[in-house]
Amino acid sequence: MIRRPPRSTLDRSSAASDVYKRQLKDPSDFKLIGTDVLRIDTPLKINGRAQFAMDVNIEGMVFAFVVRCPIFGGTLGSIDKRRALSINGVLDIFEVSNGVAIVGSTTWAALQGRKVLDISWKEGTAADLNSDSIDKLFKEQGKKRAAKGRNDGNTKRALRNAETVVEAVYQVPFQAHAAMEPMNCVVDIQPDRCRLWAPTQSPGDARKQASEITGLPKEKIDVNVTFLGGSFGRRSFNDFISDALEVSYHMKRPVKLIWMREDDMRHDYYRPASRHIMAGGLSKDGKLEAWKHRVVAPSILFGQMFKYPVPLKDKLDIIALEGARNVTYAIPNIRVEYRSANTAVPVGWWRSVYDSQNAYANECFMDELAESAGQDPLQFRLTYLTNSPRDTEVLKMVAKKVNWGQKLSNGRSQGLACHASFKSHVAQVAEISVNSEGMIRVHRVVCAIDCGQVVNPSIVRSQIESSIVYGLSAALKGEITIENGGVVEGNFHEFEVLRFHEMPKVEVYIVKSDEHPGGVGEPGLPPIAPAIANAVFAATGKRIRKLPIKPEDLRS
């Protein structure tokens with residue numbers, strides 16, 4: 001039976017709420033909101049007191065690795081355990097849902113046993129999958145009927161009647177999350193309780209997994225969320241937690257499960273690769289009359305991980321069109337389409353997800369259209385942002401900070417881009433140089449963000465800087481390739497990230513705003529790749545339509 005408070009109490013609560021709404025503090029009276037406040041976790045991370053799952057130790061704990069099939073969708077054939085079990089400290093070897101678990105009294109023992117473990121795999125249907133066949137699939141899917149995500153005006157007729165039609169195709173690869181801390185967790189299953197220590201973005205799902213594996217009710221499951229050593233969306237998938245739960249349940253002991261870097265790199269949920277087919281129509285006087293963007297990409301919603309019912313017969317994935325469907329330029333005829341191209345490669349959320357890809361195509365194409373119209377890239381954008389004053393403001397701000405339009409010295413060139421995502425608006429200018437070997441050096445990135453009311457400017461700046469670093473790595477270095485049904489790259493010598501000496505100077509300017517707060521963890525990433533690509537064109541006259549940007553692309 002639900003007990004309701006007396007009516008007088010309800011009336012007072014409602015009245016108090018109304019008073020509160022009427023008496024919100026004027027921004028001029030803010031004392032903390034809008035001021036820099038240091039993060040309380042920074043000292044813990046500096047002095048080593050911050051607890052990660054790797055730091056958790058329980059009496060009687062054992063250590064485990066899970067060996068997974070190197071081919072997507074492959075399954076276990078057979079195991080020869082003899083050599084591995086002969087190693088001192090190896091306690092047990094057995095099959096789990098995701099592969100083969102090897103358990104030791106120390107991580108060293110388990111690791112040495114893993115090296116000599118003889119496993120044969122049933123390869124499955126994906127054994128012939130490779131990057132070339134995926135590229136071919138994307139091209140074929142791009143020619144087929146696509147789902148309509150936006151249809152303003154009559155784009156087909158506008159393109160037919162245009163004085164000039166500009167066409168381009170942009171491509172981005174699969175991307176790994178490459179968090180500094182590989183997947184790991186600690187699990188302790190007792191007869192009447194289960195305890196987890198895990199760096200997870202989905203603690204509710206972890207509790208559900210534990211309940212299903214142990215048979216314990218959810219109220220008997222304790223999920224301790226530790227610090228995350230990087231995540232970017234990867235730790236919203238709890239496959240590493242289910243590994244540890246199965247091992248602890250089998251061993252009837254606490255277990256610390258650890259992934260090697262190669263496990264982490266080759267068994268990720270990758271940022272989808274994609275292909276973007278663009279067409280724009282210009283009138284005789286250089287006005288942009290038509291815009292068409294067809295996105296060809298694997299669907300996270302309708303892929304392997306999520307089996308949601310398809311709401312529309314043509315499988316429109318509106319998430320895959322984020323940043324494309326809601327392009328803010330005021331163009332009279334806009335058509336945005338989506339065509340799925342699912343493969344055996346598992347895909348998932350990645351910092352800014354599809355916005356990171358769609359912004360690249362949008363903003364590089366805007367530069368191409370500006371060039372075809374004979375107009376400055378900044379002024380061309382501003383012409384079509386009449387309905388988006390916030391985008392206009394951030395663009396003008398970065399342009400002013402870099403003295404846009406003035407010739408630079410020392411062989412440097414600039415490119416700009418803007419993009420709205422997660423209810424925040426960001427513009428960036430990248431200042432770069434390209435040497436005779438085709439090597440790009442990013443010297444300076446200037447960023448302006450309007451994220452509404454800012455609570456802690458220090459957090460905004462650090463998140464934007466972090467997004468730029470992450471985006472630079474993806475634009476200039478990172479690429480996941482597929483061969484014989486599995487991922488080629490296994491460690492940072494193959495999947496490179498930005499190094500300290502390659503880091504540009506980053507300036508972040510925050511627009512003063514009383515709009516509702518928007519996101520800051522992801523919106524700083526989408527503009528960086530197109531800003532660099534546009535700067536490369538300014539420096540070399542070569543259009544970059546495929547990421548990452550490689551020196552050989554600029555030498556050819």
Side-chain angles (χ1 to χ4, degrees), residues 126 128-152 154-160 162 165-175 270-281 290-304 310 312-327 331 333-347 350 353-369 474 479-482 526 529-530 533 543-549 553:
D128 294 331
L129 189 70
N130 58 60
S131 292
D132 288 340
S133 64
I134 293 172
D135 185 54
K136 182 180 178 181
L137 170 68
F138 282 19
K139 289 179 180 177
E140 292 172 349
Q141 291 297 97
K143 298 174 183 177
K144 296 180 180 179
R145 181 177 179 271
K148 179 177 64 179
R150 179 175 175 180
N151 192 33
D152 298 351
N154 190 325
T155 305
K156 185 176 182 180
R157 182 174 61 193
L159 286 170
R160 186 172 60 243
V165 174
V166 180
E167 297 179 314
V169 176
Y170 299 91
Q171 297 172 266
V172 299
F174 291 105
Q175 285 286 351
Y270 303 92
R271 195 275 307 266
S274 59
R275 182 178 180 87
H276 302 261
I277 305 165
M278 314 291 295
W291 173 281
K292 185 177 180 182
H293 184 175
R294 174 173 288 192
V295 178
V296 182
S299 170
I300 298 173
L301 288 182
F302 309 131
Q304 314 96 318
V310 178
L312 299 172
K313 62 181 180 180
D314 52 4
K315 293 188 178 181
L316 173 64
D317 183 347
I318 60 173
I319 303 299
L321 294 183
E322 283 298 317
R325 185 172 59 95
N326 51 341
V327 61
I331 306 166
N333 303 282
I334 298 179
R335 185 174 178 89
V336 181
E337 302 173 333
Y338 171 71
R339 180 72 196 188
S340 63
N342 288 346
T343 72
V345 182
V347 294
W350 187 90
V353 204
Y354 291 100
D355 276 283
S356 69
Q357 308 164 66
N358 294 329
Y360 168 65
N362 288 346
E363 289 300 288
C364 286
F365 194 53
M366 279 298 285
D367 256 45
E368 295 206 38
L369 289 166
E479 179 180 22
I480 287 296
T481 57
I482 310 300
R543 289 291 177 192
I544 303 299
R545 298 192 180 102
K546 185 177 182 180
L547 295 180
I549 308 171
D553 297 333

Is there a side-chain contact between [X] and [Y] in this structure, where contact means two heavy atoms from C-beta onward sitting under 4.5 Å apart?
| X | Y | value |
| --- | --- | --- |
| N362 | W291 | yes |
| R543 | D367 | yes |
| I134 | S131 | no |
| V169 | R275 | yes |
| I300 | V353 | yes |
| F138 | P298 | yes |
| Q171 | D135 | yes |
| R545 | E368 | yes |

Between [X] and [Y] (side chain of the first, backbone of the second, donor and acceptor by atom type, cut-off under 3.5 Å), is there such a pair?
| X | Y | value |
| --- | --- | --- |
| D317 | F302 | no |
| S340 | N342 | no |
| Y338 | A297 | yes |
| Y360 | K546 | yes |

Could you pull out the closest heavy-atom pair between [X] and [Y], with the gap in Å?
| X | Y | value |
| --- | --- | --- |
| W350 | S356 | CZ3-OG, 3.8 Å |
| V347 | S299 | CG2-O, 4.0 Å |
| A344 | A126 | CB-CB, 3.7 Å |
| L159 | G280 | CD2-C, 3.7 Å |

ask   = With E140, which residues qualify under side chain to side chain contact (heavy atoms under 4.5 Å, CB included), at least two apart?
value = K136
remark   = P548 meets the side chain to side chain contact (heavy atoms under 4.5 Å, CB included) criterion, sequence neighbours left out, with P173, E479, K550
Value rounded to 0.5 Å, distance of [atom1] in [X] from [atom2] in [Y]:
| X | Y | atom1 | atom2 | value |
| --- | --- | --- | --- | --- |
| L369 | M278 | CG | CE | 8.0 Å |
| C364 | L547 | SG | CG | 7.5 Å |
| H276 | N358 | NE2 | CG | 5.0 Å |
| N154 | R160 | CG | CZ | 7.0 Å |

message = Working note: I331 + N333, criterion side chain to side chain contact (heavy atoms under 4.5 Å, CB included); need CA distance, chi angles, decisive distance, verdict.
response = CA-CA 6 Å; I331 306 166; N333 303 282; 5.5 Å; no
note = Across all chains, not counting sequence neighbours, the ring-ring contact (aromatic ring centres under 6.0 Å, His included) partners of F174 are none
note = With sequence neighbours left out, the residues meeting salt bridge (Lys or Arg N to Asp or Glu O under 4.0 Å) with E337 are R294, R335
request  = Tell me, please, which residues at least two apart from D132 pass side chain to side chain donor-acceptor pair (under 3.5 Å).
outcome  = none
task = Using side-chain hydrogen bond (donor to acceptor under 3.5 Å, both in side chains) as the criterion, point out the one residue from K143, K144, K139 that pairs with Q141.
result = K144
task = Might you work through the side chain to side chain contact (heavy atoms under 4.5 Å, CB included) test for V327 and R150, ending with a clear yes or no?
result = CA-CA 10 Å; V327 61; R150 179 175 175 180; 3.7 Å; yes
inquiry  = Counting only heavy atoms not in R157 (residues, nucleotides, ligands), do more than 12 fall under 6.0 Å from its CZ?
reply    = no
Trace of the side chain to side chain contact (heavy atoms under 4.5 Å, CB included) decision for R271 with Q357 = CA-CA 9 Å; R271 195 275 307 266; Q357 308 164 66; 3.2 Å; yes
Side-chain donor/acceptor pairs under 3.5 Å, residues 319-326, sequence neighbours excluded:
| residue | atom | partner | partner atom | Å |
| --- | --- | --- | --- | --- |
| N326 | OD1 | G323 | N | 2.8 |

